[in-house]
Amino acid sequence: MPQTDKKPVWTAQILTLFPEIFPGPLGASLAGKALDKGLWAMNVVQIRDYALDKHRKVDDTPAGGGPGMVMRADVLAAAIDDVSKDDYPLVYLSPRGKRLDQELIREFASKKGITLLCGRFEGVDERVLKSRNIREVSLGDFILSGGELAALALMDAVVRTIPGVIGDTDTLTEESFESGLLEYPHYTRPKVWEGQEIPEVLQSGHHGKIKQWRQKQSEKLTEERRPDLWNQYLNQKK
Ligand code: SAH
């Protein structure tokens, strides 16, 4: 098929030992439809294809001893150098990295694509991170068995911000973190459920009052649940 008239779309390049994991959950629902429609793209790269010996070895024992295996710098560098693109951020998913948040997602979404390195075993040889200037990004303060789930989470969060993926773009601007606050509570029919009624104001049809109520609820929830975000929010308003 001729590609010349096609506008390039946001593309995730994924370096992994388990390509079969992708697109996984991103093949379903809105992200899946968007992938089929060509609103975003994926390039999954098997790291093992860049192994340098006949046994296709990608890892080795840790220098200095200790448990587990470490992914080799030479193999990873060969893979990275072959696929990475200048204007794509190069990211290693790692529990030591900067914690992923919506601000970082917005930054990644503003680029043409991203190259994601998924670790396995004990992680990767430190030297490749340094020599290829790789940013480390973490999904949170817990340990996964590999970077693939973190990569999928990051990709999902970017893909849903791409125009045309989610029908109603208001959804995006109203969401938690966009305004620095957590989102207000939602309700839908039935009007009364197990003795609990939908708050009166939401049934009033008064848009101004509804907006005010939602803002108040957002503030209350954020203050109660996330003092860190709440303080940031107050400081920004000053
Ligand atoms: N020994 C490492 C953990 C290795 S877990 C440590 O203690 O820091 C194996 C791989 O899973 C890592 O190389 C990384 O790519 C991925 N991973 C694990 N936890 C992660 C997290 N919270 N965020 C992103 N990637 C993670």
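First listed ligand is number 1; within each ligand, the first listed atom is number 1.
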Summary of side-chain hydrogen bond (donor to acceptor under 3.5 Å, both in side chains) pairs that have at least one residue in residues 63-83, sequence neighbours excluded = Tyr50-Asp82, Arg72-Asp74, Asp81-Arg132
To which of Pro95, Ala150, Cys118 does the heavy atom nearest atom 26 (C) of ligand 1 belong?
-> Pro95
Residue selection (non-hydrogen contact nearest atom 5 (S) of ligand 1) among Leu144, Leu100, Leu149 = Leu144
Determine whether [X] and [Y] make a side-chain contact, defined as any pair of heavy atoms from C-beta on separated by less than 4.5 Å.
X: Met69; Y: Thr61; value: yes
X: Pro185; Y: Leu221; value: yes
X: Thr115; Y: Lys85; value: no
X: Ile47; Y: Leu76; value: yes

Polar contact flag for [X] and ligand 1 (N/O pairs, less than 3.5 Å):
X: Val124; answer: no
X: Gly140; answer: yes
X: Arg96; answer: no
X: Leu117; answer: no

Under 4.0 Å from any heavy atom of Gly123, which atoms of ligand 1 are there?
-> 13 (O)
Under 4.0 Å from one or more heavy atoms of Ile143, ligand 1 contributes atoms 5 (S), 19 (N)
Exercise: do Gln232 and Gln236 side chains pair donor with acceptor under 3.5 Å = no
Exceeds 12 heavy-atom contacts within 6.0 angstrom, atom CD of Glu224 = yes
Tell me, yes or no, whether the heavy-atom count around Glu200 atom CD, taken from other residues, nucleotides or ligands under 6.0 Å, exceeds 12.
-> no
How far is [atom] from its nearest protein heavy atom, and which residue and atom name does that atom have?
atom: atom 10 (C) of ligand 1; answer: Gly119 O, 3.5 Å
atom: atom 12 (C) of ligand 1; answer: Tyr92 OH, 3.7 Å
atom: atom 23 (N) of ligand 1; answer: Leu139 N, 3.0 Å
atom: atom 15 (O) of ligand 1; answer: Leu93 O, 2.6 Å
atom: atom 22 (N) of ligand 1; answer: Phe142 O, 2.8 Å
atom: atom 1 (N) of ligand 1; answer: Glu122 O, 3.0 Å

With a 4.0 Å heavy-atom cut-off (strictly under), which part of Ser94 contacts ligand 1: side chain, backbone, both or neither?
-> backbone
Looking only at heavy atoms, is any part of Phe121 under 4.0 Å from ligand 1, and if so is it the side chain, the backbone, or both, or is it neither?
-> backbone
By ring pair (Phe, Tyr, Trp, His ring centres under 6.0 Å), His186 pairs with (sequence neighbours left out) Tyr184
Does ligand 1 have any atom sitting under 4.0 Å from a heavy atom of Ser145?
-> yes
Under 3.5 Å donor-acceptor, Lys111 side chain and Gly113 backbone | no
Verdict with reasoning, Leu26 to Trp40, per side-chain contact (heavy atoms from CB on, under 4.5 Å) | CA-CA 11 Å; Leu26 297 189; Trp40 66 285; 4.0 Å; yes
